[in-house]
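Structure, as structure tokens:
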Amino acid sequence: MPELPEVETVRRTLVPHLVGRRIRTVSVPHAHVLGGASPRAFASALRGRRIGGLSRRGKYLVLDLEADGGGEPTHLVVHLRMTGRLAFVPAGAPFTPDPRHTHAWMGLSGGGRLTFHDVRKFGRLGWVGHADLAGALPSGRDPVLEGVDGPVLLRLLGTRRAPLKSLLLRQDLLCGLGNIYANEALHRAGLHPLCAGAGLDQAAADGLAAAIGGVLAEALAFQGTTLWDYRTGDGERGGFGRFLRVYGRAGLPCRACGTPVEALRVAGRTSAFCPRCQPAAAGRRRPPVAVDAG
DNA sequence: CGATACCTGAGT
DNA sequence: ACTCAGGTATCG
Ligand SMILES: [Zn+2]
């Protein structure tokens, strides 16, 4: 469910509820969310700690927990995978955990709760000491934290023979893009998903960098894309779905030119593309013109 | 590299 | 009964 704009939205919506609060209680009724780690160790690593801030890298969300007594700072690391949800339940609001899908929650000072819900059970919670945080996060460049431009993309992608679509999904090159925004960025850049990384020239790389930055910024402004499960930290839906130009639109008109969108399978994922805006392989192409949602 | 496994639910 | 879904770790 969540790619960079969704995870960043969850981060932003949780900040006002969590920062400065202390974790009082930790409940993990379904230990699978810890990926084999001990619920008792998890609870004792978190209990009593003050949440100093929330950060994000790629699709990972991190709660920064301040040093407690003599301890070192610790980080609660969350990955929502496909259907995970983190939500804040305010003090006094009814809290009714779904016995099947609410896998963990924390009671906070002030009476609120942070809950983790996940239908498909791919999502994970973990904790690491400060020294190990970087190693727990994706190594690729985060296009929002660090920016991307044409030269960076040429360096990262320009020597590889794999299809651009596969490369954009690799979190060790760029982190944060998933299937929705990889498809949308390629469409905005006028690049076919099967175009090789090495097929990029300077102009195409500039265009792709602008497309990535643009689609992420726009999606963020609408609090991300809710197709099914994704919700912000306040339980709201993201509103960017109506602006998607090709993702999920196979057989429907491209939102830039009206040509029917086609679908391909690349690296096990569906790639939606417009045959007119993104003509066959090869490199550079002029970007399609943006159009309002219909 | 791509394919497969991990899970559940929704839709056909 | 079968296909598909926002992701990624692990396999060959
Ligand atoms: Zn088009």
Side-chain angles (χ1 to χ4, degrees), chain A residues 1-11 30-37 56-61 77-86 98-104 116-126 135-140 142 156-157 159-186 193-199 215-216 219-220 222-232 236-252 261 263-272:
Chain A
M1 135 244 252
E3 305 181 26
L4 189 156
E6 290 76 33
V7 179
E8 176 62 15
T9 297
V10 171
R11 191 192 70 78
H30 301 141
H32 74 265
V33 291
L34 302 180
R56 180 196 59 75
R57 180 170 193 84
K59 302 168 193 171
Y60 282 77
L61 183 67
V77 178
V78 182
H79 200 302
L80 302 168
R81 293 286 184 95
M82 299 284 266
T83 55
R85 278 189 215 176
L86 267 186
D98 172 341
R100 255 228 272 281
H101 302 129
T102 307
H103 305 307
F116 181 75
H117 173 285
D118 186 9
V119 168
R120 289 177 72 180
K121 304 188 195 178
F122 292 158
R124 290 293 179 267
L125 308 179
L137 299 178
S139 57
D142 184 296
L156 288 173
L157 314 178
T159 62
R160 300 174 187 272
R161 276 174 299 190
L164 282 175
K165 176 63 190 309
S166 306
L167 296 173
L168 291 182
L169 293 175
R170 282 181 52 173
Q171 307 295 300
D172 59 337
L173 299 174
L174 291 179
C175 63
L177 292 179
N179 207 27
I180 296 177
Y181 299 111
N183 279 317
E184 291 294 309
L186 287 171
L194 293 178
C195 173
V215 73
L216 294 177
L220 206 35
F222 285 88
Q223 304 208 109
T225 301
T226 295
L227 298 174
W228 308 291
D229 303 276
Y230 159 69
R231 297 287 130 81
T232 73
E236 317 237 300
R237 294 164 180 267
F240 192 66
R242 50 185 265 117
F243 301 101
L244 296 175
R245 298 180 190 174
V246 289
Y247 179 87
R249 297 184 60 78
L252 298 173
V261 169
L264 273 177
R265 203 87 179 162
V266 183
R269 320 291 302 280
T270 297
S271 270

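All chains are named by letter (A, B, ...) in the order of the sequence lines, taking the proteins before the strands, and each is independently numbered beginning at 1. Small disclaimer: the values here were computed from a predicted structure and weren't measured.
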Nearest-Å distance, [atom1] ([X]) to [atom2] ([N])?
X	N	atom1	atom2	answer
Glu8(A)	dG6(C)	CD	C1'	17 Å
Leu80(A)	dC6(B)	CG	P	22 Å
Leu61(A)	dG7(C)	CG	P	16 Å
Leu264(A)	dG2(B)	CG	P	13 Å
Tyr247(A)	dA5(C)	OH	C1'	7 Å
Leu34(A)	dC6(B)	CG	P	20 Å
Asn179(A)	dC4(C)	CG	P	13 Å
Leu220(A)	dG6(C)	CG	C1'	16 Å

Under 4.0 Å between a side-chain N or O of [X] and OP1 or OP2 of [N]?
X	N	answer
Thr270(A)	dA5(C)	yes
His79(A)	dT8(C)	yes
Lys59(A)	dG7(C)	yes
Thr83(A)	dG6(C)	no

What's the closest nucleotide to the [X] side chain, out of [options]?
X	options	answer
Trp228(A)	dC1(B), dG7(C), dA5(C)	dA5(C)
Arg81(A)	dG7(C), dA5(C), dG6(C)	dG7(C)
Gln171(A)	dC1(B), dT8(C), dG6(C)	dT8(C)

* When rounded to the nearest Å, what value does the distance between P atoms of dC11(C) and dC7(B) take? -> 15 Å
* Distance, C1' atom - from dC1(B) to dG6(C), rounded to whole angstrom -> 23 Å
* Structure fact -> Between Thr83(A) and Lys121(A) the two heavy atoms that sit nearest each other are OG1-N, 4.4 Å
* Structure fact -> So the stems of DNA chain B, runs of at least three Watson-Crick or G-U pairs (under 3.5 Å), are B:1-6 with C:7-12, B:8-12 with C:1-5
May I ask you to decide if [Y]'s main-chain N or O and [X]'s side chain share a donor-acceptor pair within less than 3.5 Å?
X	Y	answer
Arg57(A)	Gly176(A)	no
Glu184(A)	Tyr247(A)	yes
Gln171(A)	Leu177(A)	yes
Gln223(A)	Gly239(A)	no
Asn183(A)	Ser271(A)	no

* To do: Mind checking Arg265(A) for me? I need base, sugar-phosphate or nothing, with any heavy atom below 4.0 Å counting as a touch.
  => sugar-phosphate
* Which is true for Tyr60(A) with a 4.0 Å heavy-atom rule: it touches a base, it touches only sugar-phosphate, or it touches nothing? -> sugar-phosphate
* Structure fact -> A correct 5'-to-3' footprint of nucleotides 7-12 of chain B, with B, S and - meaning base, sugar-phosphate only and no protein heavy atom under 4.0 Å, is BBS---
* No-hydrogen, no-angle side-chain donor-acceptor test under 3.5 Å, Tyr181(A) and Glu6(A) -> yes
* Is it true that the side chains of Thr270(A) and Arg265(A) contain a donor and an acceptor less than 3.5 Å apart? -> yes
* Please work out whether the ring planes of Tyr60(A) and His79(A) are parallel, tilted or perpendicular, with thresholds of 30° and 60°. => perpendicular
* Structure fact -> Distance col, row Leu80(A):CG vs Asp229(A):CG, nearest 0.5 angstrom, shows 11.0 Å
